[in-house]
Amino acid sequence: MPELPEVEVLRRSLEPRLVGRRVERVEGLAPALREPLARRPLAALAGRRFVALGRRAKYLLADLEGGRTLVVHLGMSGRLTLVPGGSPREVHEHLAFHLDSGERLRLRDPRRFGLAYAAPTAALASDPHLAHLGVEPLSPEFDGARLAAAAAGRRGPVKSFLLDGRAIAGVGNIYACEALFRAGIRPDRSVARLAPARWERLAGALVEVLEEAIRAGGTTLNDFADGAGREGLFQVALSVYGRTGEPCPRCGRPVRRRELAGRGTYDCPGCQR
DNA sequence: AACAAGACCTGCATGC
DNA sequence: TGCATGCAGGTCTTGT
């Protein structure tokens, strides 16, 4: 479900409502997400206030007093929402933080590919999930030269490269397809055969599509919602993702779906070279 | 080292 | 209507 824009939309929606609130009680309601909750010291967050809400790639990073950070990943189907305290428990509600405002921050994740754990804030740089992530595409140092450098020595299709978080952080299947369409690059083109100018175009297309998606509140295909439960609108603006057979918005030829490295891959055979 | 493929889960759309 | 099949936004591990 959620890629970088969705997690950023979630972060922005939760930040003003969460920062300053104190956790009164942590309730683990399921045996496991991707990793067992019981192994993770989430209960140690009780009594602490949220002091900041950040993001790295698709990870939401909630800093609390006392140098602890709550790390949340939504996997494919996760939804993190702030609801009134008396709201009935949902099916697949795996984790709940009861706050001093009387509200409850709850994590629901039917497929349980998500992740939630607490870690020392000072140790995040060496956290196994975060340490090897690549450049943030919305950071000032991101550009085509940076992309080309990260691809040096690699072979493989450019789309697989975009999906590899160790090279670029936060890009998933939807935005990889959309950025390649905007840049006019075939998803299966080898990274070894992309000229510098095309890397620049790709970097520009990535920034453009990620920023537009954030402004639209993210893409909601099935599950995504922000911290208040609001769904995104960017799905109507997708050019190729999920649009098999529909006309390419640029040239009118039908959008094609293929499988690349096991992932559904959409492109326009006319516009992308 | 880098890549492909399988595994982890549930829910939903589709087709018979 | 019911059942089987295939597909899904993401990592992580294993094998080549």
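Below, each value reflects all heavy atoms present in this structure, side chains not excepted, and no hydrogens, waters or symmetry copies. Chain letters run A, B, ... following the sequence lines, proteins first and then strands; every chain starts at 1.
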*Asks:* Among residues at least two apart in sequence or on other chains, which ones pass salt bridge (charged side-chain N to carboxylate O under 4.0 Å, His left out) with A/D63?
*Replies:* none
*Asks:* Taking for each residue the nucleotide of DNA chain B with the nearest heavy atom, is it A/V91 or A/R34 whose nucleotide lies nearer the 5' end?
*Replies:* A/R34
*Asks:* Assess whether a salt bridge exists between A/E15 and A/R11, defined as any Lys/Arg side-chain N lying under 4.0 Å from an Asp/Glu carboxylate O.
*Replies:* yes
*Asks:* Can a salt bridge be assigned to the pair A/E103 and A/R21 using a cut-off of 4.0 Å between side-chain N and carboxylate O?
*Replies:* no
*Asks:* What distance, rounded to whole Å, do you find between the two P atoms, one in B/dG6 and one in C/dG6?
*Replies:* 14 Å
*Asks:* C/dG9 phosphate, OP1 or OP2: any side-chain N/O from A/Y241 under 4.0 angstrom?
*Replies:* yes
*Asks:* Could you state the CG-P distance from A/L133 to C/dG10, rounded to the nearest angstrom?
*Replies:* 14 Å
*Asks:* Measuring to OP1 and OP2 of C/dT11, would you say a side-chain N or O of A/K58 lies under 4.0 angstrom away?
*Replies:* yes
*Asks:* Could you walk me through whether A/T219 and A/Y241 pass the side-chain hydrogen bond (donor to acceptor under 3.5 Å, both in side chains) check?
*Replies:* CA-CA 11 Å; A/T219 296; A/Y241 183 86; over 6 Å; no
*Asks:* OP1, OP2 of C/dG10 versus side-chain N and O of A/R263: anything below 4.0 Å?
*Replies:* yes
*Asks:* Take atom CZ of A/F161 and atom C1' of B/dA4, then tell me their distance rounded to the nearest Å.
*Replies:* 18 Å
*Asks:* Report yes if at least one side-chain N or O of A/H73 is closer than 4.0 Å to OP1 or OP2 of C/dT11; otherwise report no.
*Replies:* yes
*Asks:* Can you tell me whether the side chain of A/R155 and the base of B/dA2 have a donor-acceptor pair closer than 3.5 Å?
*Replies:* no
*Asks:* Indicate the atoms forming the closest heavy-atom contact of A/K159 with A/T265, along with that distance.
*Replies:* NZ-OG1, 2.8 Å
*Asks:* Quick one: A/F224 CZ to C/dA8 P, roughly how many Å, whole number?
*Replies:* 20 Å
*Asks:* For the base of B/dC8 and the side-chain ring of A/F113, does the geometry meet a stacking cutoff of under 5.5 Å between centres and under 30° between planes?
*Replies:* yes
*Asks:* By the 4.0 Å heavy-atom rule, please label A/G262 as base, sugar-phosphate, or nothing.
*Replies:* nothing
*Asks:* Taking the same atom, P, in C/dC7 and in B/dA5, what whole-Å distance lies between them?
*Replies:* 15 Å
*Asks:* Please determine if a side-chain N or O atom of A/H92 lies less than 4.0 Å away from the OP1 or OP2 oxygen of B/dC9.
*Replies:* no
*Asks:* Starting at OH of A/Y266 and ending at P of C/dC7, how long is that distance when rounded to a whole Å?
*Replies:* 10 Å
*Asks:* If only side-chain N and O atoms of A/R154 are considered, is one of them under 4.0 Å from the OP1 or OP2 phosphate oxygen of B/dC3?
*Replies:* yes
*Asks:* For DNA chain B, produce a single dot-bracket line, 5' to 3'. Pairs: Watson-Crick or G-U wobble, both distances under 3.5 Å. Symbols: ( ) within strand, [ ] crossing, | other strand, . unpaired.
*Replies:* .|||||||.|||||||
*Asks:* Between the side chain of A/R154 and the main-chain N/O of A/A150, is any donor-acceptor distance below 3.5 Å?
*Replies:* no
*Asks:* Check each of A/R273, A/R258, A/R186 against A/D267 using the salt bridge (Lys or Arg N to Asp or Glu O under 4.0 Å) test, and report the only one that passes.
*Replies:* A/R258
*Asks:* Would A/Y117 and A/D127 count as a side-chain hydrogen bond (donor to acceptor under 3.5 Å, both in side chains) here? Give the steps.
*Replies:* CA-CA 11 Å; A/Y117 60 96; A/D127 184 284; 2.8 Å; yes
*Asks:* Check the distance between C/dG10's P and A/Y59's OH and give it to me in whole angstrom.
*Replies:* 12 Å
*Asks:* Does A/R166 reach a base, just sugar-phosphate, or nothing at all? Heavy atoms under 4.0 Å.
*Replies:* nothing
*Asks:* Looking only at the side chain of A/R111 (C-beta and beyond, no hydrogens), which of the listed nucleotides B/dC9, C/dC12, C/dG9 gets closest?
*Replies:* B/dC9
*Asks:* In this structure, how many angstroms lie between the P atom of C/dT11 and the CG atom of A/L162, rounded?
*Replies:* 14 Å
*Asks:* Taking the same atom, P, in B/dC9 and in C/dC3, what whole-Å distance lies between them?
*Replies:* 25 Å
*Asks:* I need the CG-P distance between A/D109 and B/dT10, as an integer number of Å.
*Replies:* 11 Å
*Asks:* Please work out if A/N222 contacts a base, only the sugar-phosphate, or nothing of the nucleic acid, heavy-atom cut-off 4.0 Å.
*Replies:* base
*Asks:* Output the rounded distance in Å from CZ (A/R257) to C1' (C/dA8).
*Replies:* 10 Å
*Asks:* Determine whether a donor-acceptor pair (one donor, one acceptor, N or O, separation below 3.5 Å) exists between the side chain of A/R112 and the base of B/dC9.
*Replies:* no
*Asks:* Centroid separation under 6.0 Å, is that true for the rings of A/W199 and A/F142?
*Replies:* no
